[in-house]
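Data block below; observations after.
When a ligand or atom number is given, it counts from 1 through the structure's own listing order.
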Amino acid sequence: MVRAMTTQNEVRIPLDLLPADGRFGSGPSKVRVEALRALAETGSSYMGTSHRQATVKDVVARVRTGLSDLLRLPDGYEVLLGNGGATAFWDVAGFRLVRDHSRHAVFGEFSSKFAQAMQEAPHIAQVDVVESDPGTHPEMTAAAGVDAYCLTHNETSTGVAMPVARPAGADADALVLVDATSAAGGMEVDAAEFDVYYLSPQKALASEGGLWLAACSPAALARIDELADRWCPASLDLGIARDNSLKDQTYNTPALATIFLLAEQLDWLNTQGGLAWAQARTAESSGVLYDWAEAREWASPFVTDPAKRSTVVTTIDLADGIDATLVSKILRANGVVDTDAYRKLGRNQVRIATFPAITPDDCRALTACIDYVVEALAG
Ligand SMILES: *Cc1c(COP(=O)(O)O)cnc(C)c1O
């Protein structure tokens, strides 16, 4: 056999090994081509029309109903939405969901950012941080006086998933706020265990960025009213967002493509079999990668405890002799993109999204591609 060449520009992965779709990024993530086609097919009837009219409001309604169905929200829960993504939602929550004492499970970049936002907010008196090392998650504990417990269902920066559960012993009126940005739509969850399950749609829900959505329990909706007297910028005011959302609108202009692609993905997920189907699919895709890594001497799952391994974002450490940055670069040159480790984690690692839009077969193909690249580099 002719040895593959070893400089990065010359490693050409054979076409028959390549995945059908080479997008493995954790956000923005793969948007299904079928959804993009459906958007294009709206032609002159949707894009470029008023978000205050039925054409767009009907799609917002599809999104709100679709997410509600997918999450099997009990009666009384409402899906709210607004502009700014999950990052903006941290500030939104700080104004009209957190009374004055929050407690955060911190185990990576995203969970730490919410805690930091609350620490910097002058109207929040106390912020507790329950922390663990990257690659693990802490156990959330309850304390009297905490009015908002802040969890992250899937820490996208490390590939650690943590169970969504109300902390035992929490005050009766404490809220459980869950950052579900990369989990929602790809992992099972019990709506009885959260008050707010919020997300940006460019991750497991295969749409675009720029929007936040929040499934809110009756207790969360009551908290919005309770904090109505606190000063809040209108663009971050959850009361204003709620009033608009209930009319299938947003306070200010949203990106219409984001809403359309999200509606398409929610319909697709619900048609395939909802969260149970999505959970099985992401377990299969991530399982392909974890099993492959465990079978290689030069690769291993970053998250050592299998119970904490994410099914939607798979992180694989490579051995010291193999430069993961170079591997990702070569993959990219071959059309297989965004397998790079989370930049701030700083590990010799590939990070591979295994969201529902990504097929298990493409994950299998990706393992063959990485094998090929590693062998070529060794040769
Ligand atoms: C991506 C991400 C965010 C930030 O989302 P933006 O849309 O960029 O604001 C927050 N939390 C988690 C868990 C994420 O994965």
Side-chain angles (χ1 to χ4, degrees), residues 23-31 63 67 80-94 97 102 104-118 131-132 134-138 140 149-164 176-187 189 194 196-215 235-236 238 241 250 254-255 257-259 261-262 265 282 286 303 308-315 338 340-345 351-358:
R23 292 173 290 174
F24 292 96
S26 298
S29 68
K30 175 184 171 185
V31 179
V63 164
L67 187 59
L80 310 185
L81 70 162
N83 282 311
T87 302
F89 193 80
W90 293 325
D91 299 319
V92 167
L97 288 172
S102 61
H104 303 253
V106 170
F107 52 113
E109 179 69 10
F110 293 107
S111 46
S112 80
K113 276 186 168 163
F114 186 19
Q116 193 187 340
M118 292 305 93
E131 205 165 357
S132 75
T136 67
H137 68 70
M140 181 54 98
Y149 291 90
C150 306
L151 308 178
T152 300
H153 198 176
N154 183 70
E155 189 32 276
T156 321
S157 64
T158 61
V160 172
M162 96 176 266
V164 172
V176 174
L177 315 181
V178 183
D179 182 347
T181 298
S182 55
M187 292 176 64
V189 69
F194 63 72
V196 181
Y197 197 68
Y198 63 90
L199 60 109
S200 302
Q202 77 276 20
K203 307 219 174 155
L205 289 172
S207 176
E208 276 275 71
L211 206 65
W212 58 256
L213 291 104
S235 63
L236 299 175
L238 200 48
T250 48
T258 304
I259 291 168
L261 295 170
L262 177 55
Q265 185 69 3
T282 62
S286 59
V303 181
K308 296 186 171 67
R309 281 178 197 159
S310 171
T311 60
V312 284
V313 174
T314 307
T315 47
D338 301 337
D340 315 70
Y342 188 75
R343 61 205 144 79
K344 286 191 193 160
L345 188 60
R351 182 179 62 146
I352 297 152
T354 44
F355 296 139
I358 293 161

Worksheet item: When the ring planes of Phe114 and Tyr198 are compared, do they come out parallel, tilted or perpendicular, using 30° and 60° as the limits?
Response: perpendicular
Worksheet entry | Asp91: side chain to side chain contact (heavy atoms under 4.5 Å, CB included) partners, not counting sequence neighbours | Ala117, Leu236
Item to complete: Taking side chain to side chain contact (heavy atoms under 4.5 Å, CB included) as the test, write out the residues that go with Ala255, two or more places apart.
Response: Thr258
Worksheet item: Can the positive tip of Lys113 be found less than 6.0 Å from the middle of the six-membered ring of Phe89, inside 45° of the ring normal?
Response: no
Discussion item. Checking Ser132 against Thr136: is there a side-chain donor and acceptor pair closer than 3.5 Å?
Written reply: yes
Check ligand 1 for N or O atoms under 3.5 Å from a protein N or O and list each pair with its distance.
| residue | atom | partner | partner atom | Å |
| --- | --- | --- | --- | --- |
| ligand 1 | 5 (O) | Ser200 | OG | 3.4 |
| ligand 1 | 7 (O) | Ser200 | OG | 2.7 |
| ligand 1 | 7 (O) | Gln202 | NE2 | 2.9 |
| ligand 1 | 9 (O) | Ala86 | N | 3.4 |
| ligand 1 | 9 (O) | Thr87 | N | 2.9 |
| ligand 1 | 9 (O) | Thr87 | OG1 | 2.5 |
| ligand 1 | 11 (N) | Asp179 | OD1 | 3.4 |
| ligand 1 | 11 (N) | Asp179 | OD2 | 2.6 |
| ligand 1 | 15 (O) | Thr156 | OG1 | 2.4 |
| ligand 1 | 15 (O) | Lys203 | NZ | 2.7 |

Worksheet, complete the sentence: Residues at least two apart in sequence or cross-chain that pass side chain to side chain donor-acceptor pair (under 3.5 Å) with Ser310, listed by chain then number, are Asn154
